[in-house]
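A short worksheet on the structure shown next.
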Amino acid sequence: MKKYNPKNIESKWRKIWQETGVYKADLGSSKPKFISMSMFNYPSGAGIHIGHAMNYTISDVLARFKRQAGYESYHPVGWDSFGLPAENYAIKAGVSPQESMAKIIPNYHKQYQAMGWSNDWSKEIATHTPEYYKWTQWIFSEMFRAGLAYQDTRLQWWCDKCQTVLANEQVIDGKCWRHDAITDPEVVQREVKQWFFKITDYADELLEATDALDWTETVKTAQKNWIGKSEGVLFTFTVKDLGIELQSYDSVPQTFMAQTFAVIAPEHPMVRELIEGTEHEKPVLEMVDKIRKRKLKDKFDVEKDIEGIFTGRYLANPFGTGDLPIWIASFVVADYGGGFVTCSAHDERDFAFAKMYNIPLRPVMFPADEAMAKKVRDLEVCYHHDPEGVLEQAPEGIVGMKWGEAREPIIKYIEEHNMGTRSVQYKMRDWSVSRQRYWGAPIPIIYCKTCGPQLVPDADLPVVLPELKDFSPSGDGRSALARAQDWVHVKCPKCGGEGERETDTLDTYICSSWYMLRYFDPANSEKIFDSSLVNKWMPIDFYNGADHATAHMLYARFVTRFFHKKGLLETAEPFKKFLFNGKVTASDGQMFSKSKGNGVDPLEIISQHGADALRIYLMFAAPLEIWIRWDPQGVPAALRFLGRIWTLVQEFLAAEESPLSNDIILRTTHKTIKKVTSDLGNLKYNTAISSMMELVNSLSAEKTEHGFVGSTSWQFALESLVQLVAPFAPHIADELWQELGHSDTVQKDHWPAWDESFVRDETVTLVVQINGKMRGKLTMLQGATEDVVKSAAFEDEKIKTALAGSEVKRAIFVQDKLLNLVV
RNA sequence: GCCGGUGUGGCGGAACUGGCAGACGCGCACGACUCAAAAUCGUGUAUCGAAAGAUGUGUGGGUUCGACUCCCACCACCGGCACCA
C-alpha cells in the first residue's frame, strides 16, 4: 500500500497547477462569476505568518468551493506594497524600497503557493508600481476636480518615530499604530498643511447604507459609531458688545432653558476677538497656551485635566433666562459642532466645570423620586439624560412633560421662535491623505507662485517616484522628496512659470481603497479600469480580514461610491459579504510576536505536516469569526484525518470487485454531501469538516464490519469525499482523484450532487417524554400518526413502568420528532 | 461610561424556525499490534451514584407540555468607541 506522503504530493500538484493554469480566471467567461478575496498583504521581510495563513485560507476555500461548483471563480492576489513597513524594512536592510520589493515579493509567491492558495497570478497587482499608482494619483485628481480634495492647516497627530502625520484612526491609545510598544513615544499634535478628502460629504449615505450590508455585525456597528451621526439643534447667539455671532450645537435641546454659561475651545479662531484689548487678554492667552501645550504633550485626560478661564464676554440670551458668561474650557472639542457649546446643569462635564469655578447652575428637570429631586435641586448631583425626568422649566405647553417626550415639541418651539434650527453633526472627520514619507504615490500637485496649487495634467501621470539614495524623512517635516531638487522644480502646467512639486505622498489607504477594482483590469494603461468588465464582476462576493474594521472598509466604500456617482461603476457598495474573521494567538492566549519568540511559522508546519493538514486545522478549530489559540496537537490531528481518507482509498483500490450496491454508505454519503454543501455556503467550515470526519468514521466502520461490499457505491462515496475535502485539502484531493481513475483535476467543475431520496430516512427515532423528560425512544416509520405512535408508546416496557399506571391528561405530538405525555 | 458580542465537559467546540444537550476533534484511560517504543487501529470518557436514578448549558426569576434556544434583572469576559455637549 502506498504511504501518504504530503510533502511529495503537495510539491507535485503545485507544479501541475502552475503549469496547467487551473486557477486562471477567464473574466469573459459565460459561467456565473464568483470572486472571493481577503485583504491584500503588506510585503515585509518577515514573510507570511499564521494570521495570513488563516485569512487567505478562508477566502481560498470559498473560491475553491465555487470553482468546483461550476462558477468562474476568481481568487486574486496583490500587494499593498507602499507604506511605512516596506520603507522601514528597506531602510534597515540598506537597499531602496524598490529593490527590496523586487526581492521580497517573489519570496511571497513561493509562500503563497506553498499554502496551496488558488491565486490567479496572471493578474497580480502591486500598489508601488507606476502602472498602478498612476491611477491612485488619478483618483486624487478626480477628487480634486470634484471639489472633494482640499488643503487645510490643521492640528494633526504626529509620530516622532515615523516622522509623519497620522490619521485619527492610526492613533491607538495615544500611540502610533506602528509604534505602540511601551518604549515608543506617544503621538503629539502639530500644525501641518495637509490634503484632505471630503469623506464627510458621504457620511450620511455611508451610514444609511450600512444596515443593509451582509457584513459581520461588529464591523457594521463600528462603522456606524465611527460616522457618529447626531441630531439636534444649532443655536445662534450674539456676543454682547461685539455683535459677533456664535453657533452652538446641542443634541439634547430639551433642557435648553437650563443653560447658564458657554464654553469655547482654546483653539477656536474667535477667541482672540473676544478678548482683544481687554483686561482678560493676558490671563486668557496664558490659559490657552497652557492647555494647548498640555494637549501637545500628552493624551488629554478628561477627568483630570478640566480647566478654563472666564473671557469677560457674555452671550445675549434669547430665551429670557439671562445672559451667559463665556469661558475658555479645556474639554471642548475644537472640531466638533463648531468648538463652542452652551452649558447646563444637566451635563456631567458642564456640571463639574461649573462646580470647579462656581458658575451658577439652574436645573430644570427632576426625577420623580423626591429625595433624588432634592439633591438635583441642591446641585449635589448632576441629573441627566433620563427619559422619565420631568421638565419644570420649559416653554408653555411643555412644562410638566417628560424629557423623553419633550424633544420634538421643544425643537418645534425653538424653530418657531427663531432661536435655532435643526442640525445634524457627525463625529467622522475628513480623511487626511497626505503623508510626509517617501514610499508612497506622489501627490500630483505643482505649486505655482502665481497660479497656486495646480493638478499635474492627466497626460503626465504617473508622477514617478524618483529613485533616491537617502529616502529617510528630510527632518523638517517634509518627506525625502524635498531633497530631490531636480524632481521638485518643474514648470507650472498652467502658466509655464516656476513651479514646485508637492513633496507629500498619498496615504496608503488610498492605494487599498480601490485595488479590488483593478483586479479585473490590471494591465489597462488607458483607463483606471474598463467599466463593462468591472460591472460584470462587482461587487466582490466575499471579502474577509481580521483588521481594519473602520478605516480601510470605510474608505473603500467611499471611493466606490465616488466612482458609482461618476458613472464608472454600477454598484455603490464594494463588498457584498464581509467576514471579520478571528485571529490566531499563542496557546496561552497571548499575541504572537517576535520579541516573545512564541511565533508559529506556517512554512515550518508545512514542511512537517503539509499544507493540507495546516489548512484543515485552521478551518476546523473554531467558527471563523472566533479567535483561536494555537493548539500544537491540532495539525497532527488534521493529518490523521487526511491519513484515514488516504488509507480508505488505498484499501478500496486494492480490494476485490463487488457487484452489490451498498445502501448504508450511499445514504451517509448523500447526507454528507448535502450538509457540507450547505455549511460551505454558510461559511460554517468547522462543521463541514466535522461532518466529513463523521463520514470517514462510518465508512471505516462499514469497511471493518463488511469489507468493501458494493464497489460502485464505494467508488461514489470515496469520490464524493475527495471532492468535498478538496477546498480544504486540495493537494491530497487531486492525488486521490487521480488514483480513483480520473485524468482531469478535481479543482474545476467537480462538486458532488446529492439525491434527496437517499437523504430522507424511511424510519425515524421518536423521543417519548413524560412531563417533558425523556423516557424512551421509538423507531417508527417516517410519517407515523399520533395514534400509531401513542399505542406503540403504551406498549413500550420502559414507558409502561415510567407511567406506572398514572393517568395521561394530555399528549403533545410533533410529527417524526416526539411524543410528550403530560400526567 | 457608551455601543456590540460571547458565556455549554479537563480543553477547542456541536445542537435547524423551542423538541434526545455535549456531534466532531484534542486530551486522558484501557485494549490490539510490537521484544519494546513510535505510528496505526479498537473501546470508553458531563457530574454525583454500586445501581435505579438524580443533577446539569454564567447567576436569579419568568413564559411553555417542553428552554442552551424566548422574556426580565444581574454577573463575568472579549472587541470597538470614548472631552462628540
Side-chain angles (χ1 to χ4, degrees), chain A residues 169 172-173 216-226 228-230 232 248-253 255 259 263 265 295 299-303 305-306 329-337 339-344 346-350 352-353 384-385 425-429 549-550 580 582 587 589 616-617 620-623 625-629 631-634 636-638 640-641 643-644 647 675 678 684 686-697 700-701 704 765-777 801 809-814 816-823:
Chain A
E169 46 275 43
I172 291 143
D173 287 336
T216 305
E217 210 50 43
T218 51
V219 175
K220 286 165 63 169
T221 347
Q223 296 219 340
K224 284 195 258 182
N225 289 343
W226 189 264
K229 185 178 181 172
S230 154
S248 93
Y249 173 74
D250 193 349
S251 71
V252 190
T255 53
Q259 295 173 355
V263 287
K295 282 191 180 177
K299 204 185 175 199
F300 196 68
D301 185 327
V302 206
E303 303 268 303
D305 299 336
I306 284 195
S330 57
F331 63 84
V332 187
V333 180
D335 49 358
Y336 182 83
F340 175 74
V341 194
T342 41
C343 305
S344 83
H346 297 292
D347 178 277
E348 280 189 293
R349 284 158 317 193
D350 299 352
F353 189 78
H384 60 113
H385 295 197
Q425 300 285 326
Y426 299 93
K427 279 194 212 173
M428 186 168 69
R429 309 289 145 78
T550 43
F580 195 55
S587 357
I616 292 267
Y617 163 65
F620 175 65
E625 57 275 14
I626 304 250
W627 287 46
I628 65 168
R629 291 179 177 206
D631 176 4
Q633 315 282 356
R640 215 171 299 150
F641 163 62
R644 296 184 72 197
T647 308
K675 170 78 173 149
S678 99
K684 293 167 81 173
N686 59 330
T687 51
I689 293 171
S690 75
S691 64
M692 285 187 258
M693 287 172 168
E694 284 181 87
L695 176 61
V696 170
N697 287 348
S700 301
T704 313
T765 305
L766 275 122
V767 174
V768 182
Q769 299 180 333
I770 292 167
N771 288 342
K773 289 233 158 84
M774 209 268 284
R775 293 295 165 180
K777 292 177 193 179
T801 44
K809 291 183 196 135
R810 219 181 127 188
I812 287 102
F813 177 70
V814 182
D816 296 335
K817 282 255 169 85
L818 92 155
L819 177 72
N820 186 13
L821 302 171
V822 186
V823 298

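All values reported here derive from a predicted model rather than from experimental measurement. Here is the naming used below: chain letters follow the sequence lines, and residue numbers restart at 1 for every chain.
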**Fill in**
Picking from B:C81, B:C41, B:C84, the nucleotide nearest the side-chain atoms of A:W226 would be B:C81
**Message:** Output the rounded distance in Å from CD1 (A:I770) to P (B:G53).
**Reply:** 12 Å
**Request:** With heavy atoms under 4.0 Å as the rule, sort A:R640 into base, sugar-phosphate or nothing.
**Result:** sugar-phosphate
**Prompt:** What's the closest nucleotide to the A:K427 side chain, out of B:A85, B:C84, B:A23?
**Reply:** B:C84
**Request:** To the nearest Å, give me how far apart CG (A:N225) and C1' (B:G79) are.
**Result:** 12 Å
**Request:** Determine the contact category for A:Y426: base if any of its heavy atoms lies under 4.0 Å from a base atom, sugar-phosphate if only primed atoms, P, OP1 or OP2 are that close, otherwise nothing.
**Result:** nothing
**Prompt:** Roughly how far apart, to the nearest Å, are B:G1 and B:C84 at atom C1'?
**Reply:** 14 Å
**Whole-Å gap separating C1' (B:A23) and CE (A:M692)** = 15 Å
**Prompt:** Any idea if B:G9 is syn or anti, going by the 90°-from-0 cut?
**Reply:** syn
**Request:** Check the distance between B:U6's P and A:F580's CZ and give it to me in whole angstrom.
**Result:** 15 Å
**Message:** I'd like to know if the side chain of A:T216 reaches the main chain of A:T218, judged simply by a donor and an acceptor atom lying under 3.5 Å from each other, with no hydrogens or angles considered.
**Reply:** no
**Asked** Has the side chain of A:Q223 got a donor or acceptor atom that lies under 3.5 Å from a matching backbone atom of A:A549?
**Response** yes
**Prompt:** Given side chains that start at C-beta, do those of A:Y617 and A:I628 come closer than 4.5 Å, heavy atoms only?
**Reply:** yes
**Prompt:** Using the C1' atom in both, what is the distance from B:A39 to B:U34, to the nearest Å?
**Reply:** 11 Å
**Request:** When you get a sec, tell me which of B:G4, B:A85, B:C65 is the closest nucleotide to the side chain of A:R810?
**Result:** B:C65
**Request:** Sticking with atom C1', work out how far B:A14 lies from B:C83, rounded to a whole angstrom.
**Result:** 46 Å
**Item:** Distance, P atom - from B:A21 to B:G56, rounded to whole angstrom
**Value:** 12 Å
**Item:** B/S/- contact track for nucleotides 13-22 of chain B, protein heavy atom under 4.0 Å
**Value:** SSSB--BB--
**Request:** Mind calculating the distance between CG (A:L695) and P (B:A23) to the nearest angstrom?
**Result:** 18 Å
**Prompt:** Expressed in angstrom and rounded to an integer, what is the separation of A:Y617 atom OH from B:C11 atom C1'?
**Reply:** 11 Å
**Integer angstrom distance from the P of B:C3 to that of B:U55** = 39 Å
**Message:** Given a 3.5 Å cut-off on both pairing distances, which stems involving RNA chain B, each at least three consecutive Watson-Crick or G-U pairs, are present, if any?
**Reply:** B:1-7 with B:75-81, B:10-12 with B:24-26, B:27-32 with B:40-45, B:46-48 with B:53-55, B:58-62 with B:70-74
**Request:** Kindly point out which of B:C83, B:C26, B:C24 is positioned nearest to the side chain of A:F331?
**Result:** B:C83
**Prompt:** On a whole-Å scale, what distance lies between the C1' atoms belonging to B:G22 and B:U17?
**Reply:** 22 Å
**Base B:C84 to side chain A:R429, donor-acceptor N/O within 3.5 Å cut-off** = yes
**Residues forming a salt bridge (charged side-chain N to carboxylate O under 4.0 Å, His left out) with A:K229, sequence neighbours excluded** = A:D204
**Message:** Using 0.5 Å steps for rounding, measure from the NZ atom of A:K427 to the CG atom of A:D335.
**Reply:** 13.0 Å
**Item:** N/O (side chain, A:S251) to phosphate O (OP1/OP2, B:A85) under 4.0 Å
**Value:** yes
**Asked** If you round to the nearest 0.5 Å, how far is CG of A:N771 from NZ of A:K809?
**Response** 8.0 Å
**Message:** Counting only side-chain nitrogens and oxygens, does A:Y336 get under 4.0 Å of the OP1 or OP2 atom of B:A85?
**Reply:** yes
**Request:** Could you work out the separation of B:A36 and B:G31 based on their P atoms and round it to a whole Å?
**Result:** 13 Å
**Asked** When the C1' atoms of B:C28 and B:A46 are considered, how many whole Å apart are they?
**Response** 15 Å
**Asked** Roughly, in whole Å, what's the span from CG in A:D347 to C1' in B:C84?
**Response** 11 Å
**Request:** For A:V252, answer base if it contacts any base atom (sugar-phosphate contacts may also be present), sugar-phosphate if it contacts only those atoms, and nothing otherwise; contact means non-hydrogen atoms under 4.0 Å.
**Result:** sugar-phosphate
**Item:** Nearest-0.5 Å distance that lies between atom OG in A:S690 and atom NZ in A:K675
**Value:** 6.5 Å
**Complete:** In whole angstroms, the gap separating C1' of B:A23 from CD1 of A:I689 amounts to 15 Å
**Asked** Which nucleotide in the list B:C26, B:C41, B:C24 gets nearest to the side chain of A:N697?
**Response** B:C24
